[in-house]
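Quick note on labels: first sequence line is chain A, next is B, and so on, each numbered from 1.
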Amino acid sequence: MNKYNPKEIEKKWQKFWLEKGTYKNYDREKKFYALDMFPYPSGAGLHVGHPKGYIATDTVARFKMLQGYSVLHPMGWDAFGLPAENFAIKNKTNPNVFTAKSVAVFKKQLEMFGFSYDWDREINTTDPEFYRWTQWIFLKLFEKGLAYESNEPINWCPSCKTGLSNEDLEDGKCERCGSEVEQKPMRQWVLKMTDYADRLLNDLDTEGLDWEEMIVSQQRNWIGRSEGAQFEMEVSGAKEKIEVYTTRLDTVFGMTYAVVAPEHPIIEKMKGNLENYAEIEVYVSKSQKKTAFERVEMQKEKTGVEMKGVKIINPFNGEKLPLFVADYVIGGYGTGAVMAVPAHDERDWEFAKKFDLEIRQSVAPDYNENISGKVFTDDGALVNSGEYSGMKSQIASEKMTAWLEEKKIGVKKVNYKMRDWVFSRQRYWGEPIPIIHCEKCGPVAVPEEELPVKLPEVENYEPTGTGESPLSAITDWVNTTCPKCGGKGKRETNTMPQWAGSSWYYLRYIDPKNSKALVDKEKEEEWMPVDLYVGGAEHATRHLLYARFWHKFLFDIGAVSTKEPFKKLVHVGLILAEDGRKMSKRWGNVINPDEVIEKFGADAMRVYEMFMGPFTQSIAWSTNSVTGAYRFLEKAWRTQLKTQNSKGNIEIENQKLKSLLHKTIKKVGEDIENFRFNTAISQLMILTNAFEKEETVNTKYYAEFLILISPFAPHMAEELWEKLGHKESIFKETWPEYDPELIKDEEIELILQVNGKIRDRMKVPADISEEEAKRIALASEKIKSNIADKDIRKIIFVKGRLINIVI
RNA sequence: GCCCGGAUGGUGGAAUUGGUAGACACAAGGGACUUAAAAUCCCUCGACCGCAAGGUCAUGCGAGUUCGAGUCUCGCUCUGGGCACCA
C-alpha cells in the first residue's frame with residue numbers, strides 16, 4: 001500500500017472527472033438543483049471562509065447524485081460592480097481585463113476543491129450574451145409600467161458618486177465605501193417593487209418553502225407591513241386638506257396637534273397662508289441637508305416649527321389644533337403627515353414635552369397601573385373619547401374606521417416600509433439601461449432585436465459626479481435615433497445596479513447558451529425551483545428580495561413556472577480568524593485555502609470545514625483541528641489493508657461491525673439531508689475507529705463505507721474505490737440502504753434509578769419486559785441499599801432505557 | 001426600543017426532542033516504539049471529597065412543573081445578528 005498522498009490523487013481525479021463528465025447525468029427521473037450564491041470575483045482570491053458554503057452544497061450535490069438524482073450544480077460570476085470599476089479607474093484599464101483575471105484566479109482556486117460543477121454551464125453577468133437578458137427583463141418591466149423615471153430625492157453617495165437604493169445602505173452609510181449618504185433629488189429609474197410587497201410577504205408562508213426563520217423574519221421586517229387607517233383633515237385658514245396615516249386610530253381623541261414632513265408639498269401650497277413662512281423655509285432646507293445618518297442621530301432632540309396661521313381640524317370632534325413641520329416625520333412613508341397623540345406615542349410625547357403642547361389621555365390601561373406623567377402605548381379601553389369611551393382599543397379602531405369610510409373622509413389602509421427599488425447607477429461598469437430618450441416620444445424601449453445594448457469602450461471610467469454616468473461623454477454612442485418616430489434620440493447613460501444580474505442568474509444556468517429566450521420553457525419547468533440555495537445571511541434583504549421580486553414578475557409574464565425561485569434556503573455561518581475576529585487583510589489574520597490544501601489536501605480541508613461545528617454557526621478557524629480531519633482520512637485510507645480483498649481470504653461477516661455500518665448509513669444520510677455535517681462525520685469517525693480495532697474488515701463493508709464518505713472526501717473515496725478494482729467512478733454508484741433490523745441493539749445497558757438518581761446499571765436484552773426489569777432492579781445490591789426500609793411509591797419503566805424506583 | 005438567534009469541560013462541539021450530560025475531535029499530561037526526532041499506538045483528562053468502594057456538585061443566573069430538566073414554563077444576566085423617529 002502506498003501512503004495517503006492527497007496532492008497526487010486529487011489532481012488525478014479532478015482531471016478524470018472533468019474529462020469523463022462524471023457528473024453530467026441529466027436524464028434521470030428525479031432532479032435536484034443545488035445552487036450557491038455566485039461570487040464576486042476579486043483579484044485577492046478566496047480565504048478559507050468563502051468555500052464553506054460551496055463545500056456543503058457540493059457534499060449535498062454528490063449525495064443526491066448517489067441517490068440517483070439528476071443534479072444541476074453550476075457556478076458562475078457576478079462580475080459587474082464597483083471593485084472592478086475602481087481598479088479600472090486607478091489603473092486606466094478596461095474593467096473587463098481585471099474581471100477576466102479575477103475570474104481566472106477564483107476558478108483556479110475553486111478547481112482545487114474538486115467541486116462537482118458543470119463548467120459547461122459557467123455564466124458571467126458581464127458577458128453581453130448574458131446581460132442581453134438582464135436588459136430584456138428590464139424592457140418587460142418597462143413595458144408593464146413597473147420601471148419608471150422619477151425625480152424624488154434619493155440616497156446619494158458622494159464618494160462613489162452614484163445614487164443608491166435603500167437596500168444599499170448600512171446605518172445610513174454607503175454599504176460599499178462607508179461614506180455618509182446624502183439626500184439628493186435627481187432623475188433616476190425606479191422599479192415598482194412595492195406592487196409586489198404583499199406577495200413578497202405572504203409567499204414566505206408558501207407550503208413547502210423551507211427557509212430559516214432568521215432569514216424569513218428579516219425579510220418580513222424589511223417589508224414592514226402595517227395595518228391602519230388613512231384619513232383627511234381640513235386645514236382652517238387655507239383651503240387645503242391633509243391626509244394622515246395611523247395604526248392607532250383608537251387614540252384619535254388624544255390628538256393635540258399634527259405634523260407634516262419637511263418634504264410635504266402642502267407647505268409650498270400654503271405659502272400664502274403662513275405667517276412664518278420664512279422661518280419654515282429655513283427649517284425645511286436645513287433638514288434636507290441633513291444626511292440620513294444625521295437624522296437618525298438627532299433622535300434624542302426633536303426639532304420642528306409651528307406653521308402659524310393655519311389649524312387642522314380633528315374630524316371626530318371638530319377641534320382646531322396646531323400644525324407643525326418636523327423632520328421626525330418621514331416624507332416617504334405613509335402620507336408624510338401624522339396626527340400627533342403625545343399621551344400614547346413616544347415620539348409625539350417627546351415633541352410635546354419640548355414644545356410644551358397639551359398631552360391628553362384617551363386610552364386607559366386595562367391592568368392596574370398609574371400612567372400619569374408617563375406615555376402609555378399599549379392597547380386599553382378608551383376614555384375622553386365621546387361615544388367611543390369605554391370601548392376596547394381594537395373595537396374602537398374598527399368602529400372609527402367604519403365611520404371614516406361612511407363619511408368618505410378615510411379608509412382602512414395597509415402600508416409598507418419597503419420602497420421601490422432605485423435602479424439606476426451613475427457609473428460605468430454595469431448593464432446599460434436599454435432606453436432611448438426622444439424629445440417627442442419621451443423614454444422609448446430599445447427594440448428587443450437590438451439587444452444587447454453593449455457597454456461601449458470609454459477613455460475615462462471616472463464617475464462625473466453630476467448625476468450622469470461616464471457613458472454620457474461618448475457622444476457617438478449616446479446620440480442615436482428614436483425607434484418610435486425615427487427622430488433624434490439619446491441613449492440612457494445610467495447603468496443598472498450590482499444586483500441586476502444576480503436577480504435572475506439561476507435561470508440561465510438551466511439553459512446557458514439559448515439565444516432565443518432567457519431560458520427554454522420546457523427546461524425551466526424541468527429544473528425549477530432551485531431545491532437548495534446556500535449563501536451568506538447578509539443577502540437576506542438585498543439579493544434575496546430582489547431575486548424573489550423579479551421571479552414573481554417573470555412568473556406573471558409567463559416566463560417561469562414557479563412562484564418562488566428557491567425552495568430550501570440555508571445560510572452559511574462565518575469562519576472567523578483564529579483570534580476570533582473577522583478574517584481581514586486589515587488584521588493580517590487571513591488564512592489562504594491554497595496553503596491549507598498544499599499541506600493537508602482538499603479532502604482534509606473539506607472534511608474539517610464540515611466537521612468544525614453546526615453549519616449555520618460562526619466558528620473560529622483552527623489549523624490544529626485540520627490535523628484531526630487529516631488523521632481521520634489517513635486512518636480510513638489505512639483500513640484498505642484490513643480488507644480480505646487485499647489478503648485473498650474468504651470474506652467473513654461480522655455482526656457487530658455490520659450493525660454499526662448500517663447505523664452509519666442511516667445517520668450519515670439523515671444528517672446530510674438536515675445539514676448536520678458535523679455529526680455525520682463524527683459517525684464516520686466512529687465507524688473508522690471500529691474498523692481500526694478489527695483484524696480484518698469485510699470488503700463489502702469497506703466499499704459501502706467509501707460511498708458514505710465520498711460526498712465529503714471525494715478524491716480519496718474515488719482512489720480507494722479504484723483500488724478495490726472498480727472500473728467506473730464511485731459517483732455512478734447507489735447510496736446504500738440500511739436494514740432496520742440490523743440497527744437494533746440486542747443488548748442494552750439498563751439504567752437503574754432511585755428517585756431519578758442513577759444508582760446502578762445492568763446489561764440486559766434490549767426487549768426486556770417491565771416485569772423482568774423490576775425483578776433485576778430490586779435484586780441489585782446498590783438499589784437495595786438506597787431503598788433501605790422506605791416504601792416504594794411507584795416504579796417508572798422506560799422501555800429500552802431505564803427503570804426508576806420512586807420511594 | 002422592536003424582531004430573530006445563542007450561552008454545555010482548557011478549546012470546537014455531541015446529547016435520538018423530557019430519560020446514562022460531555023459522543024466525535026483539538027489541545028494538554030503520562031507511557032510504548034526509536035540512538036534521537038517525526039509519524040504511529042496505548043492510558044489519563046468537568047470540579048470537589050475519598051487509600052478505595054463510592055459519594056457530592058455541575059449545562060449563564062433565580063424560581064417552577066415532573067418520578068426525572070441541558071431539553072418544558074416564568075423572571076433575569078450576558079452575547080451575536082437584523083431593523084430602527086415607519087406614526
Sugar-phosphate, base or nothing in reach of A/Lys667, heavy atoms under 4.0 Å: nothing
Where RNA chain B forms stems, i.e. three or more consecutive Watson-Crick or G-U pairs with both distances under 3.5 Å: B:1-7 with B:77-83, B:10-12 with B:24-26, B:28-32 with B:40-44, B:46-49 with B:54-57, B:60-64 with B:72-76
Sugar-phosphate or base contact per nucleotide [nucleotides 46-51 of chain B; S, B, -; heavy atom under 4.0 Å]: ------
With rounding to the closest Å, how many angstrom separate the [atom1] atoms on [N] and [M]?
{"N": "B/C42", "M": "B/C49", "atom1": "C1'", "result": "30 Å"}
{"N": "B/G55", "M": "B/A7", "atom1": "C1'", "result": "30 Å"}
{"N": "B/G6", "M": "B/U56", "atom1": "P", "result": "33 Å"}

May I ask you to evaluate whether [X] reaches the phosphate of [N], defined as a side-chain N or O under 4.0 Å from OP1 or OP2?
{"X": "A/Tyr333", "N": "B/A87", "answer": "yes"}
{"X": "A/Arg631", "N": "B/A27", "answer": "yes"}
{"X": "A/Lys757", "N": "B/C67", "answer": "no"}
{"X": "A/Arg759", "N": "B/G55", "answer": "yes"}

Within the 6.0 Å centroid threshold, strictly below: A/Phe351 and A/Phe324: yes
Centroid separation A/Phe677 to A/Phe611 less than 6.0 Å: no
Heavy-atom donor-acceptor pair, A/Asn624 side-chain to B/C26 base, under 3.5 Å: no
Nucleotide nearest A/Lys302 when distance is taken to its side chain, options B/G82, B/C85, B/C41: B/C85
